[in-house]
**Q** 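Starting off with a structure, shown below.
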There are 2 protein chains.
Amino acid sequence: MQPGTPDNEWREDCAPRRVLDLFSSKWTSMILHVLDTRLEGCARTGVLLRSLPGISKKMLTQTLRDMEASGLVIRRVYGTVPPAVDYTLTPLGKRFVELIDLLYGWGRDNADALDALKAKKGEGA
Amino acid sequence: MQPGTPDNEWREDCAPRRVLDLFSSKWTSMILHVLDTRLEGCARTGVLLRSLPGISKKMLTQTLRDMEASGLVIRRVYGTVPPAVDYTLTPLGKRFVELIDLLYGWGRDNADALDALKAKKGEGA
DNA sequence: CCGAATCCTACAGGATACTG
DNA sequence: CAGTATCCTGTAGGATTCGG
């Protein structure tokens with residue numbers, strides 16, 4: 001390890017950080033997952049809204065836009081009177097969901113171990 | 001949502017959320033990665049501190065404690081005069097790093113696509 | 001129906017100082 | 001050396017409202 005060299009790969013513009021940003025958004029991975037698992041890769045705003053209990057319109061749009069910018073989804077607008085918009089999973093997004101699902105699977109696998117954390121966080125009384 | 005069936009799997013106590021919590025911590029995955037990649041699965045506090053430029057002592061300890069509670073690392077204390085403590089990666093933790101690295105690999109693979117997001121975020125002027 | 005703008009709160013996370 | 005306590009800030013993200 002050279003002196004002066006940022007020996008690590010955490011320099012702000014590195015892949016890990018980018019992934020971290022994507023993944024740590026509260027909704028990104030959920031949207032992707034739902035889109036992939038239950039909506040066959042494409043859905044309108046309203047459908048997504050209803051498929052993600054707890055999400056607000058604002059967060060949905062905002063997250064979706066970021067995802068679009070990252071190339072995870074494609075946004076299509078139809079110039080109809082009642083505006084229609086839908087979002088389609090890209091191959092890049094699809095690949096990402098797969099990885100996400102791996103993580104989820106791991107979580108499910110070790111739910112008991114992870115419960116400890118929940119317990120610790122929960123203790124407030 | 002009826003009292004009957006939350007059709008989705010995002011109920012607060014589900015695996016996805018737990019994983020999300022873990023992963024979205026700013027340092028958890030980095031610590032795990034460094035621990036696994038460069039420190040052979042075990043290191044003392046000071047070493048970790050130096051291996052993770054930018055992290056504060058507080059965040060290191062705090063994150064490490066959470067990780068311990070989740071069973072990702074084992075904390076060992078030696079009752080010596082200058083206190084010595086080290087953290088060892090558990091098999092669970094090791095498995096998690098592997099998945100993390102997959103994500104990182106994906107990020108590296110598609111760095112260009114993800115740059116879009118960075119660009120968008122960066123525009124403030 | 002879709003999205004943007006505004007406002008507001010909670011909390012992650014950084015700096016610092018102190019204890020054992 | 002390791003850890004805790006305190007203080008402080010940025011910001012993610014929720015509720016609401018307006019606009020096309």
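Order of the sequence lines sets the chain letters (A, B, ...), proteins ahead of strands, with each chain counted from 1.
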**Q** What is the distance, to the nearest angstrom, from the CZ atom on A/Arg44 to the P atom on C/dG3?
**A**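 These atoms are roughly 10 Å apart.
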**Q** Can you check whether B/Leu20 reaches A/Met30 side chain to side chain, under 4.5 Å on heavy atoms?
**A**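 They are in contact (side-chain heavy atoms under 4.5 Å apart), so the answer is yes.
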**Q** Can you find a heavy atom in the side chain of B/Met67 that is under 4.5 Å from one in the side chain of B/Arg75?
**A**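 Side-chain contact under 4.5 Å: no.
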**Q** Between C1' on D/dG13 and CG on A/Leu60, what's the gap in Å once rounded to a whole number?
**A**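 Going from CG in A/Leu60 over to C1' in D/dG13 covers 13 Å.
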**Q** Which whole-number value in Å describes the distance from B/Leu20 CG to C/dC11 P?
**A**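 Checked: the CG to P distance equals 16 Å.
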**Q** For C/dG3, take OP1 and OP2 only and decide whether either is under 4.0 Å from a side-chain N or O of A/Thr45.
**A**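 For C/dG3, OP1 or OP2 has a side-chain N or O of A/Thr45 closer than 4.0 Å.
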**Q** Give the rounded distance in Å between these two atoms: CZ of A/Arg75 and P of C/dC2.
**A**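 From A/Arg75 CZ to C/dC2 P: 11 Å.
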**Q** What residue among A/Thr63, A/Leu22, A/Leu89, A/Leu64 forms side chain to side chain contact (heavy atoms under 4.5 Å, CB included) with A/Leu72?
**A**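 Of the listed residues A/Thr63, A/Leu22, A/Leu89, A/Leu64, the side chain to side chain contact (heavy atoms under 4.5 Å, CB included) partner of A/Leu72 is A/Leu22.
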**Q** Distance check needed: C/dG3 C1' versus A/Arg76 CZ, whole Å only.
**A**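 Computing the A/Arg76:CZ to C/dG3:C1' distance gives 19 Å.
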**Q** State plainly whether the residues B/Arg44 and B/Asp86 are in salt-bridge range, i.e. N to O under 4.0 Å.
**A**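 Salt bridge between B/Arg44 and B/Asp86, a charged N being under 4.0 Å from a carboxylate O: no.
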**Q** Please pick, from D/dT4, C/dG3, C/dC2, the nucleotide with the shortest atom-to-atom distance to any side-chain atom of A/Arg65.
**A**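 Comparing D/dT4, C/dG3, C/dC2 against the side chain of A/Arg65, the answer is C/dG3.
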**Q** In terms of side-chain heavy atoms, does B/Tyr87 have a donor or acceptor partner in B/Thr45 at a distance below 3.5 Å?
**A**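 There is no such pair (donor and acceptor under 3.5 Å, judged by atom type) between the side chains of B/Tyr87 and B/Thr45.
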**Q** Give a yes/no answer on whether the side chain of A/Tyr87 brings an N or O atom under 4.0 Å of OP1 or OP2 in C/dG3.
**A**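 True: A/Tyr87 side-chain N/O within range (under 4.0 Å) of C/dG3 OP1/OP2.
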**Q** For a 4.5 angstrom cut-off between non-hydrogen side-chain atoms, does A/Phe23 reach A/Ile100?
**A**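 Sidechains of A/Ile100 and A/Phe23: in contact.
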**Q** Reading nucleotides 14-20 of chain C from the 5' end, what letters show protein touch, with B for base, S for backbone sugar-phosphate only, - for no heavy atom under 4.0 Å?
**A** BB----B
**Q** Expressed in angstrom and rounded to an integer, what is the separation of B/Arg17 atom CZ from D/dG13 atom P?
**A**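 Roughly 11 Å, once rounded to whole Å.
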**Q** Do A/Val81 and A/Val85 land in one hydrophobic cluster if side-chain heavy atoms of ILVMFWY residues count as linked below 4.5 Å?
**A**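 Per the 4.5 Å side-chain linkage, A/Val81 and A/Val85 are not co-clustered.
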**Q** Please report the distance, rounded to the nearest Å, between CG in B/Asp21 and C1' in C/dC11.
**A**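 About 13 Å, once rounded to whole Å.
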**Q** Once you apply a heavy-atom cut-off of 4.0 Å, does A/Tyr78 come out as touching a base, just sugar-phosphate, or nothing?
**A**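 No contact.
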**Q** Expressed in angstrom and rounded to an integer, what is the separation of A/Ile31 atom CD1 from D/dG13 atom P?
**A**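 That distance rounds to 11 Å.
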